[in-house]
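Notes for the one structure printed next.
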Amino acid sequence: MAPRVRFAPSPTGRLHVGNVRTALFAYLAARAAGGTFVLRIEDTDRRRYDPDALADIYDNLTWLGLRWDEGPGAGGPHAPYIQSERVAGHRAVAERLVASGHAYRCYCDAARLERVRATHNGYDRRCRNLTPEQRSRHEEGGAAPVIRFRVPLEGSTRYDDLLLGSIERRNSDINPDPVLLKSDGFPTYHLAAIADDHDMAISHVLRAQEWVSSAPLHLLIFAACGWQPPRYAHLPAVNGPDGKKLGKRHGATAVHEFRRRGILPEALVNYLALLGWSAGDDREFFSLAELERCFGIDRLGRAGAVFDHQKLEWFNGHYIRGLPPARLAVALRPYLRDAGIDVAEGAAETALAELLRERISVLDEAPARAAFLGPDRDLPAAELVPRRLTAAAAATILQQASPLLEHLPSGDGEHALEDRLRELARAQGVKFGDLMMTIRMATTGSKVSPPLFGSLRVLGEQRLHARLARALHTLQAAAEEA
RNA sequence: GUCUCCUUCGUCUAGCGGUUAGGACACCGGGUUUUCAUCCCGGCAACAGGGGUUCGACUCCCCUAGGAGAUGCCA
């Protein structure tokens, strides 16, 4: 049967690279097997609920190309896919479990629980066996009860994890009687996820490894409900450089932050896919479409992985270089504009994109590389004379090169121009590199620039010659003083 | 504390009893080159430790150590 795999984030914070990798693997597991990818929003924590986070989830999954077959916006036979809209069902399940003796009402308040936790490992099960009299006394007191699952005291629970293999745990080691239904009437994860996975006929659950320890509990709940559980695969964590679970302390980790900096979705997908999965060979580059074809749970790793920004950026550089210049130009627009760099749309910005694409690995690096397009400014002689030359020599070079730069050729014409400049260098007895550096410093105001002829074309002949004249003036003054 | 999971170069990983332990990022050299970069070539660098099993262990088993996670009316 075709698998049904879900991704079930909770809208309590921006979508995180760790979460999104789980989403990717779940998506791929579904696609690779011709199954269905389901998105479900787990918003049962009303205190931490954040509508911005919800929008962020939809927005970024879409941006990455992880389209869900069923879920909010897409609909589906098991709607609604927003958990808070399913609480009536969750409550009914909880009541059923109470009726069948698999769960019970607990009247302990927060203060007591905190005290108990200090000395016990979790809840002390005080309300597990209340007499009807005790119970009605509590009910009359008006305390809103929670419903707790009655974890068996004896025996053990075992299951086969798709990734970890056989996992077995003594029932006495399971979290003692966790809450299923909170006093506000909302289910906890333990109830909601199980009930919804069942209702939505989920066949495979790929989730973070932090859930391994509660997996046996979940199996117990499935059994108590008389339901068939899905297969589980617990994915290893994504860690920061310190080896700890990736979090706020580790710099940018939210998907939207990468996106804002100019990480391409194909790069993030490619990088994340290789963080914990491999095709079994030496391939490094995978498109989403390829991954959909060759992904397999059996090739997932079991150990945690450190998120490496440098490698992500290397992938990103690769994908930037693979972009057609016209498309890169469009992608670059907002970054350049925000930095106050104006380039006419069309040929000029495409030419600029061509210059930048081998020089940036993240889009937001573009302004620094295109800084030569900033306002004209007066440069001191020190910034106009290459190391091996004098001000007088630099002045002569500019003077003689200016006419050659009158009309900037493109294509093959560049070679002719270069030949003439080489000739000039020879005549002046300077190295061609030094001659070029002299022009570079005068026209770009920097010792570092993209290839000069292309840069000058983007700059425009008018500004080019204004800068040449200005620099020449400065150099001549400096030469006289010397 | 208790329970669970994990352990190959600095990082991501390949390896599924016999390999000079392979690749990628990063780093360091070199080449191409008008600077920078791209690109190409080369180099550095790993099986956590100890016991078994076996003719033979990175590969299988056990122990130790280390790391991570869980232990919430958060997910």
Side-chain angles (χ1 to χ4, degrees), chain A residues 8-13 42-45 47-48 106 108-110 113-114 117 120-123 144-148 161 163-165 167-170 172-176 178-190 192-193 207-216 234 236-237 239 241 243-245 271 274-285 299 301-315 317-318 321 355-361 369 386 418 421-422 425 431-441 444 446-453 455:
Chain A
S10 54
T12 53
E42 308 218 325
D43 58 343
T44 54
D45 184 343
R47 298 185 50 155
R48 294 200 304 154
C106 164
C108 296
D109 61 25
L113 291 176
E114 200 172 330
R117 222 173 290 131
H120 285 68
N121 204 343
Y123 182 51
V146 300
I147 292 179
R148 288 183 183 273
D161 194 281
L163 213 60
L164 273 15
I167 301 281
E168 182 162 10
R169 213 176 174 195
R170 284 189 304 273
S172 57
D173 287 328
I174 290 176
N175 185 6
V179 171
L180 297 179
L181 197 71
K182 300 182 258 187
S183 57
D184 66 359
F186 276 76
T188 61
Y189 175 88
H190 300 306
R207 54 164 28 169
Q209 193 200 47
E210 62 196 271
W211 293 109
V212 186
S213 51
S214 40
H234 288 94
N239 301 321
K244 296 213 182 8
K245 216 172 85 177
Y271 174 70
L274 261 24
L275 202 62
W277 176 85
S278 88
D281 52 32
D282 291 337
R283 276 183 295 169
E284 295 285 335
F285 300 113
R299 296 216 50 87
R302 273 162 291 270
V306 174
F307 189 89
D308 182 354
H309 287 262
Q310 278 186 310
K311 190 154 187 182
L312 202 214
E313 292 183 11
W314 173 77
F315 272 113
H318 169 83
R321 272 168 252 133
L355 294 175
L356 297 183
R357 70 178 183 159
E358 286 173 357
R359 293 173 178 75
I360 56 174
S361 51
R369 292 303 197 147
E418 183 178 327
L421 289 171
R422 280 187 187 281
K431 292 189 169 184
F432 178 63
D434 288 334
L435 175 139
M436 290 296 280
M437 186 55 82
T438 306
I439 303 172
R440 170 174 290 110
M441 292 168 85
T444 69
S446 171
K447 283 187 280 198
V448 178
S449 81
L452 198 49
F453 298 148
S455 299

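Naming convention: chains lettered A, B, ... in sequence-line order (proteins, then strands); numbering from 1 in each chain. Since we're looking at a predicted model, the values are computed, not measured.
- Residue A/W277 is out of contact with every strand shown, counting any heavy-atom pair closer than 4.0 Å.
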- prompt: After noting the C-alpha distance and the side-chain angles of A/K311 and A/E284, does the key distance pass the side chain to side chain contact (heavy atoms under 4.5 Å, CB included) rule?
  reply: CA-CA 11 Å; A/K311 190 154 187 182; A/E284 295 285 335; 3.7 Å; yes

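- On the P atoms, B/rC60 is 29 Å away from B/rC44, given to the nearest whole Å.
- Contact annotation for A/R321: backbone-only contact, meaning every heavy-atom pair under 4.0 Å involves sugar-phosphate atoms and none involves a base.
- Between A/D434 atom CG and B/rU33 atom P the separation is 16 Å, expressed in whole Å.
- One finds a side-chain N or O of A/S278 lying less than 4.0 angstrom from the OP1 or OP2 phosphate oxygen of B/rA14.
- Taking 4.5 Å as the limit, some side-chain heavy atom of A/L163 sits within range of a side-chain heavy atom of A/P236.
- B/rG52 and B/rG42 are spaced 43 Å apart, taking the P atom of each and rounding to whole Å.
- Annotation: of the two residues near RNA chain B, A/Y271 and A/A237, the 5′-most nearest-nucleotide partner is A/Y271.
- Mapping A/G276 and A/R47 onto RNA chain B by nearest heavy atom places A/G276 at the nucleotide closer to the 5' end.
- In this structure, A/H318 and A/F285 have parallel ring planes: the angle between them is below the 30° cut-off, well short of the 60° mark.
- Within the 4.0 angstrom heavy-atom criterion, only backbone atoms of the sugar-phosphate kind lie near A/R299; the bases stay farther away.
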query: Passes side chain to side chain contact (heavy atoms under 4.5 Å, CB included), A/S214 versus A/N175? Steps please.
result: CA-CA 8 Å; A/S214 40; A/N175 185 6; over 6 Å; no

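- A/L274 comes within 4.0 angstrom of the backbone, heavy atoms only, and of no base.
- The gap from the P atom of B/rU2 to that of B/rU64 amounts to 13 Å, rounded to the nearest Å.
- The shortest distance between the side-chain N/O atoms of A/K447 and the OP1/OP2 oxygens of B/rU35 is not below 4.0 Å.
- Across all strands shown, B/rC74 remains unpaired; no Watson-Crick or G-U wobble contact has both distances below 3.5 Å.
- The residue A/P145 sits apart from the nucleic acid: no heavy atom pair falls under 4.0 Å.
- Dashed line: the shortest gap from a side-chain N or O of A/K245 to OP1 or OP2 of B/rA75 is not under 4.0 Å.
- Taking only side-chain nitrogens and oxygens, A/T44 comes nearer than 4.0 Å to OP1 or OP2 of B/rA75.
- Residue contacts for A/E284: at a heavy-atom cut-off of 4.0 Å it reaches a base atom on one of the strands shown.
- Base pairing of B/rG69: its partner is B/rC3, meeting the Watson-Crick or G-U wobble criterion (both donor-acceptor distances under 3.5 Å).
- One P atom belongs to B/rC39, the other to B/rG22, and the distance between them is 23 Å to the nearest Å.
- Within the 4.0 angstrom heavy-atom criterion, base atoms lie near A/F453.
- Backbone-only contact: A/S10 has heavy atoms under 4.0 Å from sugar-phosphate atoms and none from a base.
- Counting non-hydrogen atoms under 4.0 angstrom, A/P451 reaches a base of the nucleic acid.
- In this model, the phosphate group of B/rG72 is approached by a side-chain N or O of A/R117 to a distance below 4.0 Å at OP1 or OP2.
- The partner of B/rG43 is B/rC27, judged by Watson-Crick or G-U wobble contacts that both fall below 3.5 Å.
- Separation of the C1' atoms belonging to B/rU8 and B/rC47 is 4 Å when rounded to the nearest angstrom.
- Both distances falling under 3.5 Å, in either a Watson-Crick or a G-U wobble arrangement, place B/rC60 opposite B/rG52.
- In this structure, the side chain of A/D45 engages the main chain of A/R48 through a donor-acceptor pair within 3.5 Å.
- Here OG1 of A/T438 is found 11.0 Å from CG of A/L421. Values are rounded to the nearest 0.5 Å.
- When heavy atoms are screened at a 4.0 angstrom cut-off, A/P450 is found touching base atoms of the nucleic acid.
- Rounded to the nearest 0.5 Å, atoms NZ (A/K431) and CE (A/M436) are 15.5 Å apart.
- Nucleotides B/rC3 and B/rA21 place their P atoms 40 Å apart, quoted to the nearest Å.
- Both distances falling under 3.5 Å, in either a Watson-Crick or a G-U wobble arrangement, occur for no nucleotide opposite B/rC9.
- Here the separation of B/rA70 from B/rG49, taken at their C1' atoms, is 27 Å to the nearest Å.
- A/V179 comes within 4.0 angstrom of the backbone, heavy atoms only, and of no base.
- Side-chain nitrogen and oxygen atoms of A/K182 include at least one within less than 4.0 Å of the OP1 or OP2 phosphate oxygen of B/rC74.
- Among the atoms of the strands shown, only primed sugar atoms or phosphate atoms (P, OP1, OP2) are found under 4.0 Å from some heavy atom of A/R302.
- Within the nucleic acid shown, A/E210 comes within 4.0 Å of at least one base atom, counting heavy atoms only.
- When heavy atoms are screened at a 4.0 angstrom cut-off, A/R148 is found touching the sugar-phosphate backbone but no base atom.
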